[in-house]
Colleague: 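For reference, the structure I am asking about is given below.
What you see below is based on every heavy atom in this structure, not just the backbone, and it leaves out hydrogens, waters and symmetry mates. Counting begins at 1 with the first residue of the sequence. Just so you know, ligand 1 is whichever comes first in the structure, and atom 1 is the first atom listed for that ligand.
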Amino acid sequence: MFPKGFVWGAATSAYQIEGGARADGRGASVWDQFCTAEGAIKGGEAGDTACDHYRRYESDVGLMKSMGLKAYRFSISWPRVMPEGTGAVNPEGMSFYDRLVDRLLEAGIEPWATLFHWDLPLELHRRGGWLNPDSPRWFEEYAGRMVDLLSDRVTHWMTINEPQIFVGLGYGTGVHAPGQKLVFAEQLLIGHRSLLAHGRAVRVIRARAKRLAQVGWAPVGRVGIPITDSRADVEAARRRSMEIDAKAFWNNTWFGDAVCLGRYPEDGLRLFGADAPRVASGDMETIRQPLDYYGVNIYSGEPVRAGDNGEPVGVPRGAGYPQTAFGWTVEPESLYWGPRFLYERYGLPIVITENGLSCFDLVGTDGKVHDPARIDFLTRYLRSLRRAVRDGAKVTGYFQWSLLDNFEWAEGYRQRFGLIFVDFATQERIPKDSAAWYSEVIRTNGGVLGPIDDRPESGTEALRVTVVSGTKPTTRPA
Ligand code: IFM
């Protein structure tokens, strides 16, 4: 069983679902501009209308309620509430989130707000974006406004979604907005500024929240999966999960250690050398703010064995290995080892802030959407997660990505991740079979997932959870 009070939710982000790109005084974001670039998005698509959630939010909340969701993770569109990024607020944009939060609470659904899910106001990009030393202060100003508006009702906050992806893909490979290919030192500088922004936002939430705030973030998780339960393979998988092995952002610790331990990891500093950002006095204190939980987005993992000297060696997958429609490998054990390794390293309760898959979903001749592959995938992943809890990892919540089929960035609308099918021509919503199944998961607190599996509890010493370092969760008086 999952612990009592376990948070069962679903997640989305503003640009991926809201649409209303020019409605009611919303400013443009880097994504609005990027989508107009020739060849940037498959099919030349854009999030202009997306799921039209900006206008249909009330009925969408109705769907969430009928599914029995306990929580809903959404992101706030910075340019919708502050069209220029700083200064004047847009009352209609603010009103949208105000109303959304009210409807959620009326429906008995806890709102979990993410402040930044990649849609940087275009005006701020024109002013240098994250390369501008003022960027952390801009973010703090925006965060403060949102806290003033919503913190009488919103108690769960996330600062930044997947810094690894928005920095690496937006400013490294250029396949995401704003489509830049900067040198690595500049990418790292952007990463550093976003971390400072995170720290300042956490501080402003704590300082100005009207109710006791639970604050976390939502990086992506890289997970090594041991191919056996031997101590050597488990250690190799842990190393793979916590190492920096390339001049890139596909790792946990560059951002995670800074946020939770107040330092950049040694192996990253060695590998990045002169490209590493200059850390001014006080930066790390700003970045390392006490967090209440470590949110993490986990979709897949890397099978690993121990090499001759204990080093992690990737194990090739067999022919015909299972993949999602996106081509991501299906690795249910990532929801066992990921939360465990991260809990052991950082000592914070883990919340799975995203997990899911894209499928080739279609409307059947019976007018329904049957998605047995999603149900199978999620059953396997959630069983692993339950086993991680049983073996001592503190996991307090799980958010399915995603509530609705939506705009999947450079892929356009091809990748359907939703529990609810969206016909983008008519905006009709059809809850998939998985939506009904997920309702049962929630209702039974995971009981419907069936027997845990036959692995023994804490079978070997290597399998026992030990918190090796990290921060203590904050406990504050209400
Ligand atoms: O759609 C994205 C989301 O915006 C961030 N995490 C991964 C999802 C699937 O690619």
Colleague: Output the set of protein residues with a heavy-atom contact under 4.0 Å to ligand 1, ordered first by chain identifier and then by residue number.
Modeller: Q16, H117, W118, N161, E162, Y299, W328, E354, W401, E408, W409, F417
Colleague: Only one of C260, S194, P219 clears side-chain contact (heavy atoms from CB on, under 4.5 Å) with F255; which?
Modeller: S194
Colleague: Do you know which of R55, R429, R103 makes side chain to side chain donor-acceptor pair (under 3.5 Å) with D60?
Modeller: R429
Colleague: Counting distance only, does the side-chain N/O of R80 pair as donor-acceptor with the main-chain N or O of Y97 below 3.5 Å?
Modeller: no
Colleague: May I ask you to say whether E440 pairs ionically with R443, meaning some side-chain N is under 4.0 Å from a carboxylate O?
Modeller: yes
Colleague: Would you call the rings of Y413 and F424 parallel, tilted or perpendicular if under 30° counts as parallel and over 60° as perpendicular?
Modeller: tilted
Colleague: Look up atom CZ in F249 and atom OG1 in T173, then write down how far apart they are to the nearest 0.5 Å.
Modeller: 11.0 Å
